[in-house]
Structure formats: structure tokens, C-alpha cells
Amino acid sequence: MLKARHPLAVLFVCVVALMASIVVFNALFQIALIALVFIALVAFNRTSPLVLIALMVPFALFGFGFLTTSVFFRQESDFAVKMAGEALLQSPGFSAGLVLFFRAIACGMVSAFFALTTDPGAFVRALMVDAKLPPRIGYALFAAMQLVPDLAAEAQQMRIAHAMKTGRPLRRIPGPLQVFRLVIPLLAYAIRRAGRTAIALEARGLSPVGPRTVLNAPRFRRGDGVFVIIGLAAIGLCGVTLL
């Protein structure tokens with residue numbers, strides 16, 4: 001259901017949610033926003049809750065850094081007094097850090113919502129048609145999306161060749177030394193690939209002027225307007241926690 005919505009409609013709702021998370025400095029609002037996006041992805045996008053939890057781990061670690069910094073290194077934080085017996089949960093530093101912790105997770109959850117419900121190709125085509133994104137930038141983004149999986153496959157081939165040459169078994173996770181050895185060959189491969197892509201685009205007459213037809217571009221439908229209204233209303237309902 002969510003993947004059928006127009007990418008720009010989803011982007012608009014996500015941007016509003018991110019701005020609300022940044023502007024509203026309240027932990028309950030952040031928790032309500034996290035729960036709202038979590039339920040929407042599980043119920044309407046059939047996303048596994050375990051996948052969402054795994055995706056939020058980096059954001060939780062990032063937010064935990066905000067929390068510890070606010071508690072231990074806040075200028076107004078009377079750390080010695082708190083350690084002497086004051087309850088940590090009642091300190092201003094902990095309250096501010098808690099809001100920043102949940103804000104980091106809320107921003108990560110909204111970002112995951114956009115990534116899990118939006119097709120990258122459809123998003124670029126929508127930008128080219130509706131947001132007037134220059135064709136050179138649009139096709140460059142298409143080329144980058146094609147390059148990333150090819151770059152990973154090329155790195156795997158290099159690792160296999162190196163393992164056969166040294167006679168050692170292929171490690172599942174490359175070590176720091178192996179990663180360092182792959183940097184220069186992969187950089188050379190990316191430069192060659194970029195040069196070939198640029199030549200191919202010029203050979204096909206890519207220019208910033210003239211009419212251009214974009215195939216399979218998403219179009220706005222009535223359901224997209226309903227989605228935007230429901231999304232904004234749901235974000236507004238999260239503000240009930242402030243009352």
C-alpha cells in the first residue's frame with residue numbers, strides 16, 4: 001500500500017515529520033512519532049519488526065552518545081551533586097539527553113520509512129518530471145545506482161582472486177589490510193566506469209535543452225493526496241502528548 005504512493009508525496013510527509021522531530025523538544029512526542037512510524041511500516045508495508053529494530057541500532061548508538069554527553073559534560077550539570085545522592089532522572093542534563101536520544105531514533109525511523117517505501121528509480125524519475133531535476137543529474141544518479149552493486153561484485157571478485165593467489169580461505173568479513181588493498185583497484189574501476197558512462201550518455205545525445213520523454217514516471221493520484229492528509233494528521237496527533 002505504501003509503495004504505491006507517489007515518491008514526492010512520501011518525501012513531503014517525511015520532511016514534515018523530520019522538521020517536527022527537530023522543532024519539538026519533547027521526549028513523549030519523539031516516542032509517539034517512533035511508535036507511529038513503526039506501526040505504519042509493520043501494518044501497511046509488511047516490514048519485519050526485527051528488521052526495523054536492527055536498522056535502528058546505529059541511530060540508538062548515536063543517540064546514546066548525545067545522552068551521555070548531555071549528562072556528563074553539560075556545562076550546567078552539577079555532576080558532583082548528582083553523584084553525591086541526587087536522582088539522575090531528575091537532572092536537567094539527563095532530561096535533555098533523553099530527548100536527543102529519542103530524537104535520533106525518530107529521525108532514523110522516518111528515514112527508514114522513506115527508504116523502505118520508495119523505489120529509488122521511481123524517485124529519480126519523479127524528480128525529473130515533477131521537480132524539474134536536470135537530466136544530467138538524474139541520469140548520473142541512475143548510473144550511480146547501477147555502479148554500487150557492480151562495485152560490490154567487483155570487490156568480491158578481487159577478494160576471491162587474492163585468496164586463490166595466497167592459498168588462504170576467503171574470509172567472510174575482510175580485515176583492515178585487505179580493505180586497504182582493495183581501495184586503489186576499486187577506485188580505478190569506478191573511474192573507468194564513470195568515464196564509460198559519460199561517453200555513453202554523450203553518444204546518446206544527452207543535453208540540458210530540448211524535449212525529453214521519461215518512461216514509467218509516477219503520477220500523482222487521489223490516493224497520494226489522501227496519504228498526505230492522513231500523514232500530516234497523524235503527525236499532528238503526536239502533538240497531543242504535549243498537552
Side-chain angles (χ1 to χ4, degrees), residues 1-22 33 36-48 51-52 55-56 59 106-154 186 189-236 238:
M1 182 183 298
L2 294 177
K3 292 181 179 179
R5 303 280 62 85
H6 195 281
L8 296 186
V10 179
L11 177 65
F12 176 75
V13 174
C14 289
V15 169
V16 172
L18 288 175
M19 294 301 298
S21 177
I22 294 174
L33 186 60
L36 171 66
V37 179
F38 186 90
I39 294 173
L41 286 174
V42 173
F44 300 107
N45 198 53
R46 303 301 182 186
T47 305
S48 172
V51 172
L52 291 177
L55 290 175
M56 291 304 106
F59 295 97
C107 292
M109 189 68 73
V110 173
S111 302
F113 180 89
F114 180 77
L116 293 174
T117 59
T118 305
D119 178 71
F123 177 58
V124 175
R125 288 191 292 269
L127 289 176
M128 294 174 62
V129 173
D130 298 313
K132 306 305 178 182
L133 181 71
R136 290 180 180 270
I137 299 178
Y139 285 102
L141 292 175
F142 281 129
M145 287 188 291
Q146 295 294 327
L147 175 62
V148 171
D150 292 344
L151 199 63
E154 186 70 15
L186 289 178
Y189 172 80
I191 293 175
R192 289 196 302 268
R193 179 69 177 272
R196 294 171 183 172
T197 302
I199 294 174
L201 292 177
E202 290 294 336
R204 285 165 174 78
L206 182 66
S207 62
V209 296
R212 182 174 303 278
T213 300
V214 180
L215 297 178
N216 300 324
R219 297 181 178 180
F220 283 102
R221 300 177 181 177
R222 182 179 301 177
D224 299 320
V226 176
F227 168 77
V228 171
I229 294 174
I230 294 176
L232 296 180
I235 297 173
C238 293

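The shown structure was predicted, so the numbers you read here are calculated from the model rather than taken from an experiment. All values below come from the heavy atoms of this structure, side chains included, with hydrogens, waters and symmetry mates left out.
- Of all the heavy atoms in Ala17 and Leu33, the pair that sits closest is O-CD2, 3.8 Å.
- For the pair Phe227/Arg222, no side-chain contact is recorded, criterion being any heavy-atom separation below 4.5 Å from C-beta on.
- Nearest heavy atoms, Cys14 versus Phe114: SG-CB, 3.8 Å.
- For the pair Phe59 and Met109, the minimum side-chain heavy-atom distance is 4.5 Å or more.
- Atom OG of Ser111 is separated from atom CG of Leu55 by 11.0 Å, given to the nearest 0.5 angstrom.
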>> Quick one, Met145 with Val124, criterion side-chain contact (heavy atoms from CB on, under 4.5 Å). Give me CA distance, side-chain angles, the key distance, then yes/no.
In response: CA-CA 11 Å; Met145 287 188 291; Val124 175; 4.0 Å; yes
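- Listed here is the closest heavy atom pair of Val228 and Ala9: CG2-CB, 3.8 Å.
- Put simply, CG on Leu147 and CG on Leu141 are 12.5 Å apart, with the number rounded to the nearest 0.5 Å.
- Across Asn45 and Leu2, no two heavy atoms sit closer than the pair CB-CD1, 4.0 Å.
- Between the side chain of Asp119 and the backbone N or O of Gly121, at least one donor-acceptor pair lies under 3.5 Å.
- Between atom CZ of residue Arg219 and atom CG of residue Asn216 there is a gap of 10.5 Å, rounded to the nearest 0.5 Å.
- No side-chain heavy atom of Ile137 sits less than 4.5 Å from a side-chain heavy atom of Leu127.
- Looking at heavy atoms from C-beta onward, Leu8 lies in side-chain contact with Phe123 at the 4.5 angstrom threshold.
- In summary, of the residues considered (Thr117, Asp224, Thr118), a side chain to side chain contact (heavy atoms under 4.5 Å, CB included) with Arg5 occurs for Asp224 alone.
- A heavy-atom distance below 4.5 Å is not found between the side chains of Thr197 and Tyr139.
- The environment of Phe44 atom CZ is sparse: at most 12 non-hydrogen atoms of other residues, nucleotides or ligands sit within 6.0 angstrom.
- Here Asp150 pairs with Arg193 in a salt bridge; the nearest charged N to carboxylate O distance falls below 4.0 Å.
- Residues Val16 and Phe12 have side chains in contact (heavy-atom distance under 4.5 Å, counting atoms from C-beta outward).
- When all heavy atoms of Ile235 and Leu36 are compared, the closest pair comes out as N-CD2, 4.2 Å.
- Scanning for side chain to side chain donor-acceptor pair (under 3.5 Å) contacts around Arg196 gives an empty result, with sequence neighbours left out.
- By the 4.5 Å heavy-atom criterion applied to side chains, Leu186 and Glu154 are counted as neighbours.
- Within the 4.5 Å cutoff, side-chain heavy atoms of His6 are placed close to those of Asp130.
- Between the side chain of Arg125 and the backbone N or O of Pro218, no donor-acceptor pair lies under 3.5 Å.
- Met56 and Ala112 get closest at one heavy-atom pair: CE-CB, 3.9 Å.
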